[in-house]
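Here's the structure we're looking at; comments come further down.
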Amino acid sequence: MYTDTERCVRAVRSKDGRFDGWFFTAVLTTRIYCRPSCPAVPPKAENMTFYPSAAACQQAGFRACKRCRPDTSPGSPEWNARADTVARAMRLIQDGVVDREGVPGLAGRLGYSARQIERQLLAELGAGPLALARAQRAQTARVLIETTALPMAEVAFAAGFASIRAFNDTVREVFALSPSELRTRASRGSSASRGTRAGDTREQPGTPGAISLRLPFRTPLNPDNLFGHLVATAVPGVEEWRDGAYRRTLSLPYGHGIVALSPRPDHIACRLSLTDPRDLTLAISSCRRMLDLDADPVAVDEQLRADPLLAPLVDKAPGRRVPRTVDAAEFAVRAVLGQQVSTAAARTHAARLVTAHGVPVEDPEGGLTHLFPAPEALAALDPEALALPRTRRTTLISLVAALADGSLRLGTDSDWEQVRKRLTALPGFGPWTVEAIAMRALGDPDAFLPTDLGVRRAAGRLGLPSTPAALTRRAAAWRPWRSYAVQYLWATDDHAINRLPV
């Protein structure tokens with residue numbers, strides 16, 4: 001979009017927040033870059049130029065606007081709607097892979113050389129993987145500076161910087177303030193006002209070690225099915241709803257964490273307790289992905305509203321998101337446990353696995369007790385100890401074996417079609433299970449469940465075709481957003497997954 005100058009100028013002049021994250025406005029006279037919805041007076045059109053990423057702006061010598069804080073914009077919805085190499089690379093960079101494994105590690109995960117990845121990212125985003133990772137580190141550093149009392153040296157290394165000097169130089173260059181000045185400014189702002197910007201971060205008093213921040217999203221967002229689904233299917237000990245927040249444990253590279261997520265009118269309130277602050281980048285990106293916060297609901301709803309039978313559902317409750325997961329392997333295991341049983345039975349089966357094989361954790365503020373067991377822990381399962389039908393045992397054992405030995409990889413770097421083929425080759429994986437994993441674990445926005453009983457019931461009530469083949473043909477017009485159509489169809493049922501817990 002950033003190449004369409006006229007359209008970008010119109011978005012900036014209208015201060016349209018829907019385009020935040022799609023592109024960034026760089027002002028040639030001030031050398032500042034902004035989000036399209038910046039509240040400042042728009043510059044003259046001849047003084048504006050546009051970039052596809054914050055990293056490209058920084059690489060071109062522009063610093064972040066202190067008023068609109070463009071580095072806190074929602075991510076571009078493109079990266080979650082595509083499965084090509086650039087999109088997979090961006091998801092991995094957002095997860096901090098470059099900081100942990102370097103550019104060779106990123107390239108290795110994608111099956112390309114480092115030079116090929118550099119060339120593709122430069123062509124589409126105007127910045128290579130190192131520049132994109134640097135922008136990500138700067139944002140993580142800002143969150144830690146403003147929301148914690150960590151010494152600056154600890155902030156530097158937790159954010160992924162190799163040296164304190166690199167940390168200081170980057171913060172000064174990106175924000176035009178030293179780290180100490182950034183913290184002082186945030187403290188003054190917190191005292192004067194609790195802020196209204198979607199990217200503001202504030203540490204709550206009385207919670208040592210907790211990091212509180214706001215996760216921005218594009219409006220509208222309907223939280224009912226999003227949080228309703230997560231809570232209705234929650235695994236005891238791993239997930240819970242408490243005091244108006246969905247809480248769960250997180251398995252992370254350097255340790256573990258607990259997150260509490262609460263829906264608000266213009267943001268998601270997020271509070272993270274991490275055993276190691278180096279996991280902050282991955283924890284935030286995982287939560288954003290689970291809640292589908294980088295989606296473009298206007299584009300989705302516009303496409304689905306074109307179907308006259310879906311339009312009333314969209315108009316009644318626009319902005320539905322696809323509830324996803326923080327751990328693709330965990331969801332795959334839970335999808336198998338949920339085959340042909342009720343939601344309550346699936347939760348019971350998962351809770352037994354967690355109690356027997358999950359890693360215990362402490363939760364002073366709630367009732368969380370375990371991390372969900374990793375595939376390696378489940379690979380040694382005794383099939384006879386599972387209270388499942390024999391065919392389901394075979395399916396589960398085959399899945400965890402493939403995950404544990406690496407022959408099946410599920411994650412942000414997965415090729416969606418290749419994973420579908422690999423899953424279909426495993427015993428017991430039919431279209432419903434494969435598409436459910438594609439939709440909620442891999443994040444494919446076009447995954448579709450025409451054989452799902454709830455989808456077929458809803459289709460019949462609305463006058464849509466109710467047989468899988470006919471419904472699939474009708475749903476071709478909903479592409480590439482069929483996962484969202486499934487959410488609207490499911491919402492016609494009186495089920496706990498469609499109700500925001502109280």
What's the verdict on side chain to side chain contact (heavy atoms under 4.5 Å, CB included) for Ser286 and Leu250, showing C-alpha distance, side-chain angles and the deciding distance?
CA-CA 9 Å; Ser286 296; Leu250 302 171; 5.6 Å; no

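- One N or O on the side chain of Asn498 and one on the backbone of Asp493 form a donor-acceptor pair closer than 3.5 Å.
- At a threshold of 4.5 Å between non-hydrogen side-chain atoms, the residues Pro129 and Ile93 count as touching.
- Only one option out of Leu252, Leu274, Thr148 pairs with Leu280 in a side-chain contact (heavy atoms from CB on, under 4.5 Å); it is Leu274.
- Checking Thr140 against Thr281 by side-chain atom types alone, a donor-acceptor pair falls below 3.5 Å.
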CA sep, side-chain torsions, deciding dist, call: Thr249, Val259, side chain to side chain contact (heavy atoms under 4.5 Å, CB included)
CA-CA 7 Å; Thr249 57; Val259 65; over 6 Å; no

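- Formation of a donor-acceptor pair under 3.5 Å by the Arg456 side chain with backbone atoms of Thr451 is not found in this model.
- A salt bridge between Asp95 and Arg288 is absent, with no side-chain N of the basic residue lying under 4.0 Å from a carboxylate O of the acidic one.
- Remark: Tyr488 engages no residue in a ring-ring contact (aromatic ring centres under 6.0 Å, His included) (not counting sequence neighbours).
- The closest donor-acceptor contact from the side chain of Ser483 to the backbone of Ala447 lies under 3.5 Å.
- Annotation for Ala345 and Val341: closest pair CB-CB, 3.9 Å, computed over non-hydrogen atoms.
- The distance from the OG atom of Ser273 to the CD1 atom of Ile258 is 6.5 Å, given to the nearest 0.5 Å.
- In this structure, Val359 and His370 have side chains that are not in contact, with every pair of non-hydrogen atoms separated by 4.5 Å or more.
- Under a 3.5 Å cut-off, the side chain of Thr325 and the backbone N or O of Ala328 do not form any donor-acceptor pair.
- What you find for Arg482 and Ala475 is that their closest heavy atoms are CD-O, 3.5 Å.
- Within the 4.5 Å cutoff, the side chain of Cys287 has heavy atoms near those of the Leu215 side chain.
- Surrounding CD of Glu302 are at most 12 heavy atoms belonging to other residues, nucleotides or ligands under 6.0 Å away.
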Just do the salt bridge (Lys or Arg N to Asp or Glu O under 4.0 Å) check on Glu154 and Arg278 with the steps written out, would you?
CA-CA 9 Å; Glu154 292 185 32; Arg278 289 178 294 176; over 6 Å; no

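- Note that CD of Glu376 is 8.5 Å distant from CG of Leu403, once rounded to the nearest 0.5 Å.
- Proximity of a side-chain donor or acceptor of Arg320 to a complementary backbone N or O of Pro318 within less than 3.5 Å is not detected.
- Interatomic distance, NE2 of His267 versus CG of Leu221, reported as 12.0 Å (0.5 Å rounding).
- Proximity of a side-chain donor or acceptor of Arg214 to a complementary backbone N or O of Ala269 within less than 3.5 Å is not detected.
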Could you walk me through whether Thr369 and Val361 pass side chain to side chain contact (heavy atoms under 4.5 Å, CB included), step by step?
CA-CA 5 Å; Thr369 59; Val361 298; 5.7 Å; no

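- Salt bridge absent: Arg422 and Glu417 never bring a charged side-chain N and a carboxylate O closer than 4.0 Å.
- Contact between Pro465 and Ala459 at its shortest, heavy atoms only, is O-CB, 3.5 Å.
- Checked for salt-bridge contact, Glu240 and Arg248 miss the test: no charged N lies under 4.0 Å from a carboxylate O.
- Residues Arg324 and Phe331 form no side-chain contact, since every pair of their non-hydrogen atoms from C-beta on lies 4.5 Å or further apart.
- Here Leu304 contributes atom CG and Leu313 contributes atom CG; the two are 10.0 Å apart, rounded to the nearest 0.5 Å.
- Taking the charged nitrogens against the carboxylate oxygens, Asp363 and Arg247 do have a contact shorter than 4.0 Å, which makes a salt bridge.
- The OG atom of Ser466 lies 8.0 Å from the CG atom of Leu471; values are rounded to the nearest 0.5 Å.
- For the pair Arg289/Thr412, a side-chain contact is recorded, criterion being any heavy-atom separation below 4.5 Å from C-beta on.
- The pair Arg242-Glu365 fails the salt-bridge criterion, with no side-chain N (NZ, NE, NH1 or NH2) lying under 4.0 Å from an Asp/Glu carboxylate O.
- Contact detail for Leu500 and Pro263: the closest heavy-atom pair is CD1-CG, 4.3 Å.
- A salt bridge links Arg142 to Glu146: one of the charged nitrogens lies within less than 4.0 Å of a carboxylate oxygen.
- Between Thr275 atom OG1 and Glu362 atom CD the span is 12.0 Å, to the nearest 0.5 Å.
- A distance-only check finds no donor-acceptor pair linking the side chain of Thr355 to the backbone of Arg352 [under 3.5 Å].
- Between the side chains of Arg461 and Thr492, a donor-acceptor pair is found at a separation under 3.5 Å.
- No side-chain donor-acceptor contact under 3.5 Å links Glu101 to the backbone of Gly108.
- Phe161 carries Arg137 over the face of its six-membered ring, with the cationic atom under 6.0 Å from the centre and within 45° of the normal.
- Arg218 places a side-chain N or O within donor-acceptor distance of the main-chain N or O of Asp294, the cut-off being under 3.5 Å.
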Could you walk me through whether Asp446 and Tyr484 pass the side chain to side chain donor-acceptor pair (under 3.5 Å) check?
CA-CA 8 Å; Asp446 201 39; Tyr484 295 88; over 6 Å; no

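- A salt bridge does not link Arg91 to Asp413: none of the charged nitrogens lies less than 4.0 Å from a carboxylate oxygen.
- Taking every heavy atom of both residues into account, Pro236 and Arg347 meet most closely at CG-NH2, 3.9 Å.
- Asn225 places no side-chain N or O within 3.5 Å of a backbone atom of Arg499 that could act as its donor or acceptor partner.
- A donor-acceptor contact closer than 3.5 angstrom links the side chains of Ser407 and Asp405.
- Nearest heavy atom pair, residue Gly160 against residue Asp99, reads O-OD1, 4.3 Å.
- Counting heavy atoms from C-beta on, the side chains of Val333 and Phe372 come closer than 4.5 Å.
- Here Asp307 pairs with Arg474 in a salt bridge; the nearest charged N to carboxylate O distance falls below 4.0 Å.
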CA sep, side-chain torsions, deciding dist, call: Ile145, Phe167, side chain to side chain contact (heavy atoms under 4.5 Å, CB included):
CA-CA 12 Å; Ile145 289 167; Phe167 162 69; 3.9 Å; yes

Going by atom type alone, with no hydrogens or angles, which donor-acceptor pairs under 3.5 Å involve a side-chain atom of residues 428-443 and a protein atom two or more places apart or on another chain?
| from | atom 1 | to | atom 2 | distance (Å) |
| --- | --- | --- | --- | --- |
| Trp432 | NE1 | Asp452 | OD1 | 2.9 |
| Thr433 | OG1 | Gln339 | NE2 | 2.8 |
| Glu435 | OE1 | Arg420 | NH2 | 3.1 |
| Glu435 | OE1 | Phe448 | N | 3.1 |
| Glu435 | OE2 | Arg420 | NE | 2.7 |
| Arg440 | NE | Pro323 | O | 2.6 |
| Arg440 | NH1 | His229 | NE2 | 3.3 |

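- The side-chain heavy atoms of Leu378 and Leu399, taken from C-beta on, include no pair separated by under 4.5 Å.
- Looking only at side-chain heavy atoms (C-beta outward), Arg271 and Ile211 stay at 4.5 Å or farther from each other.
- The 12-atom threshold is not exceeded at CG of Asp243, counting heavy atoms of other residues, nucleotides or ligands nearer than 6.0 Å.
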